[in-house]
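Report on one structure; see the data block that follows.
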Amino acid sequence: MIVLVAALLLLGVVLGAVVQIPLPLTLVFAAAIGCWLLVFAMRERLSTQRRSR
């Protein structure tokens with residue numbers, strides 16, 4: 001849960017900086033955060049499936 005809060009805080013910082021940085025760099029940051037969240041979700045799903053067995 002703390003990782004999710006940290007991700008949201010990081011997203012807020014990046015979104016706050018969107019005005020300051022160019023669009024391509026913003027898209028790179030957004031893609032990196034999105035990938036990180038996908039990896040987190042997959043790890044959580046796999047650990048839940050392993051616990052239920």
Side-chain angles (χ1 to χ4, degrees):
M1 186 68 176
I2 192 77
V3 176
L4 186 58
V5 171
L8 290 173
L9 284 173
L10 181 62
L11 183 63
V13 169
V14 170
L15 287 177
V18 166
V19 178
Q20 306 285 329
I21 59 176
L23 182 62
L25 190 56
T26 301
L27 295 176
V28 168
F29 282 143
I33 291 171
C35 288
W36 184 62
L37 288 173
L38 281 173
V39 168
F40 176 76
M42 289 187 331
R43 286 178 54 199
E44 286 295 314
R45 186 173 184 152
L46 286 174
S47 69
T48 303
Q49 287 177 352
R50 286 183 188 149
R51 279 188 230 144
S52 66
R53 288 182 186 181

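Below, each value reflects all heavy atoms present in this structure, side chains not excepted, and no hydrogens, waters or symmetry copies. Residue indices begin at 1 and follow the sequence shown.
Just one of Ile21, Leu27, Leu23 meets the side chain to side chain contact (heavy atoms under 4.5 Å, CB included) condition when paired with Leu25; it is Ile21. Shown are Gln49, Arg43, Arg51, Arg45; of these, the side chain to side chain contact (heavy atoms under 4.5 Å, CB included) with Ser47 is made only by Arg51.
By the 4.5 Å heavy-atom criterion applied to side chains, Trp36 and Val3 are counted as neighbours.
Following chains of ILVMFWY side-chain contacts shorter than 4.5 Å, one can reach Ile2 starting from Leu11, so the two form part of one hydrophobic cluster.
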